[in-house]
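First the structure, in the form of structure tokens, and then the observations on it.
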Number of protein chains: 2
Amino acid sequence: MERYIDKSGYMESEQAILALAALAQSTRLEVFRLLAKHEPEGLAAGDIAKKLAVPQNTMSSHLGILSRAGLVTARRFSRSIVYRADLRAFQAVVLFMLRDCCDGRPEICGPLIEDLTPCCPPKTRRKAHA
Amino acid sequence: MERYIDKSGYMESEQAILALAALAQSTRLEVFRLLAKHEPEGLAAGDIAKKLAVPQNTMSSHLGILSRAGLVTARRFSRSIVYRADLRAFQAVVLFMLRDCCDGRPEICGPLIEDLTPCCPPKTRRKAHA
DNA sequence: ACGGTATTTCTAGAATGATCGAAACAGACC
DNA sequence: GGTCTGTTTCGATCATTCTAGAAATACCGT
């Protein structure tokens with residue numbers, strides 16, 4: 001891990017790896033999807049732990065990892081700490097992954113982007129296939 | 001990890017975690033981006049190892065992990081084994097992540113998808129910011 | 001069959017990560 | 001201050017992953 005420092009664009013890559021590693025764990029993946037679903041209100045740490053049936057301290061550790069990865073934000077409301085998914089950060093990771101894809105030949109990855117409409121097809125776009 | 005088996009949609013989640021874990025490692029992330037850049041021709045295992053300055057056996061292990069995660073495909077050409085990025089599989093992971101996002105309220109994650117045009121803006125879309 | 005090239009499997013040591021009990025910390029209410 | 005509730009930090013254990021040397025496999029040319 002400390003061997004790739006001299007690569008150009010390393011900082012961004014390091015950030016992406018932090019995010020991917022944070023998501024590559026079942027509990028944390030569920031947490032992120034749960035928080036994405038509960039945008040923009042967010043959810044308190046205890047509620048997340050309860051909902052996913054994980055001890056509070058274990059969940060706290062996971063939330064810390066997601067937070068350090070920049071994928072969630074934490075804000076205190078009196079006693080509770082409300083977590084929210086940072087969808088912009090997630091978007092940045094995806095963009096990083098696809099940045100130089102196909103070396104600028106749209107015919108390769110174009111159709112890929114076509115279908116990237118998860119829950120809400122934007123104005124001028126519609127899903128092309130099943 | 002063996003505690004979350006009874007969750008609905010587990011198989012898909014397991015697949016996503018496999019992919020995310022595969023990408024959450026600097027060498028493998030570089031490999032995937034390198035292969036994405038070299039679509040659709042692909043690259044031989046040895047060339048990948050050389051390009052990223054990693055021993056062949058270590059690289060082979062990484063390629064095996066990416067392959068088992070479904071993110072790359074391998075095909076033999078005489079002596080060489082040519083690897084290719086499976087961008088469809090990557091797309092599936094992203095779609096899984098965003099599936100139920102915002103619980104069906106387009107105003108939340110709509111703008112997110114707006115900007116998801118990495119290298120090749122599709123027909124009716126153009127990049128909105130720098 | 002032999003030698004050479006390309007790649008993978010085997011193996012083991014070092015490093016990293018997950019889990020959770022127990023203790024500590026922070027805020028709210030009386 | 002005392003005592004709840006909500007959350008995090010500490011510490012220890014257990015499991016997983018990274019890495020690469022050495023050996024094995026697969027294919028090609030002669």
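In the text below, chain A, chain B and the rest are named by the order of the sequence lines, each starting its count at 1. Note that the coordinates shown come from a computational prediction; the quantities given were computed from them, not determined experimentally.
Each of A:Ala21 and B:Ile81 has a nearest nucleotide on DNA chain C; the 5'-most of these lies closest to B:Ile81.
Counting only residues at least two apart or in different chains, ring pair (Phe, Tyr, Trp, His ring centres under 6.0 Å) contacts with residues 48-72 of chain B are absent. The salt bridge (Lys or Arg N to Asp or Glu O under 4.0 Å) pairs that include a residue from residues 60-80 of chain B number zero, where partners must be two or more places apart or lie in different chains.
B:Leu52 places its CG atom 12 Å from the P atom of D:dT19, with the value rounded to the nearest Å. For the pair B:Leu43 CG and C:dA6 C1', the interatomic distance rounds to 14 Å; values are reported in whole Å. One interatomic measurement links the two molecules: CG of B:Leu63 to C1' of C:dT7, which rounds to 10 Å at whole-angstrom precision. Taking atom CG of B:Leu66 as the reference point, atom C1' of C:dT7 lies 16 Å away to the nearest angstrom. We find that CG of A:Asp47 is positioned 10 Å from C1' of D:dG6, with the value rounded to whole Å. Straight-line distance from the CG atom of A:Leu18 to the P atom of C:dG17: 10 Å, rounded to whole Å. The distance from atom CE of A:Met59 to atom C1' of C:dT19 is 12 Å, rounded to the nearest whole Å. Taking atom CZ of A:Arg75 as the reference point, atom C1' of C:dG27 lies 16 Å away to the nearest angstrom.
Annotation: side-chain contact (heavy atoms from CB on, under 4.5 Å) contacts of B:Asn57 (sequence neighbours excluded): B:Pro55. Under the rule for a side-chain contact (heavy atoms from CB on, under 4.5 Å), the partners of B:Thr73 that lie at least two apart in sequence or sit in another chain are B:Arg84, B:Asp86. For the side-chain contact (heavy atoms from CB on, under 4.5 Å) test, residues two or more places apart in sequence or in another chain that qualify with B:Ala45 are B:Leu63, B:Tyr83. Taking A:Ala19 as the reference, A:Leu71, A:Val93 meet the side-chain contact (heavy atoms from CB on, under 4.5 Å) condition, with sequence neighbours excluded.
Across all strands, B:Thr58 comes closer than 4.0 Å to base atoms (heavy-atom distances). Across all strands shown, B:Ile65 has heavy atoms under 4.0 Å from sugar-phosphate atoms exclusively, and none from any base. Among the protein residues, A:Ala44 comes within range of the sugar-phosphate backbone only, with heavy atoms under 4.0 Å from sugar or phosphate atoms but none that close to a base. Contact annotation for B:Ser80: backbone-only contact, meaning every heavy-atom pair under 4.0 Å involves sugar-phosphate atoms and none involves a base.
Among the nucleotides C:dT8, D:dT7, C:dT19, the one closest to any side-chain atom of B:Gln56 is C:dT8. Listed candidates were D:dT19, C:dA18, C:dT7. Nearest to the side chain of B:His62 is D:dT19. Side-chain atoms of A:Thr27 lie closest to C:dT19 of the nucleotides C:dT19, C:dT9, D:dT7.
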**Request:** If a protein heavy atom is under 4.0 Å from the base, mark B; if only from the sugar-phosphate, S; if neither, -; do that for nucleotides 23-30 of chain D going 5' to 3'.
**Result:** ---SBS--

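With a 4.5 Å cut-off on side-chain heavy atoms, B:Phe32 and B:Leu87 count as touching. Looking only at side-chain heavy atoms (C-beta outward), B:Gln25 and A:Leu20 stay at 4.5 Å or farther from each other. Contact check for A:Lys51 versus A:Leu43: side-chain heavy atoms found under the 4.5 Å cut-off.
In the helix from C:dG4-D:dC27 to C:dC30-D:dG1, the terminal helix axes, each the rotation mapping four pairs' C1' atoms onto the next four within five end pairs, subtend 30°, rounded to 10°.
Under 4.0 angstrom from either OP1 or OP2 of D:dG6 there lies no side-chain N or O belonging to A:Tyr83.
Connectivity analysis of hydrophobic side chains (ILVMFWY, heavy atoms under 4.5 Å, direct or indirect) links B:Val82 to B:Phe77.
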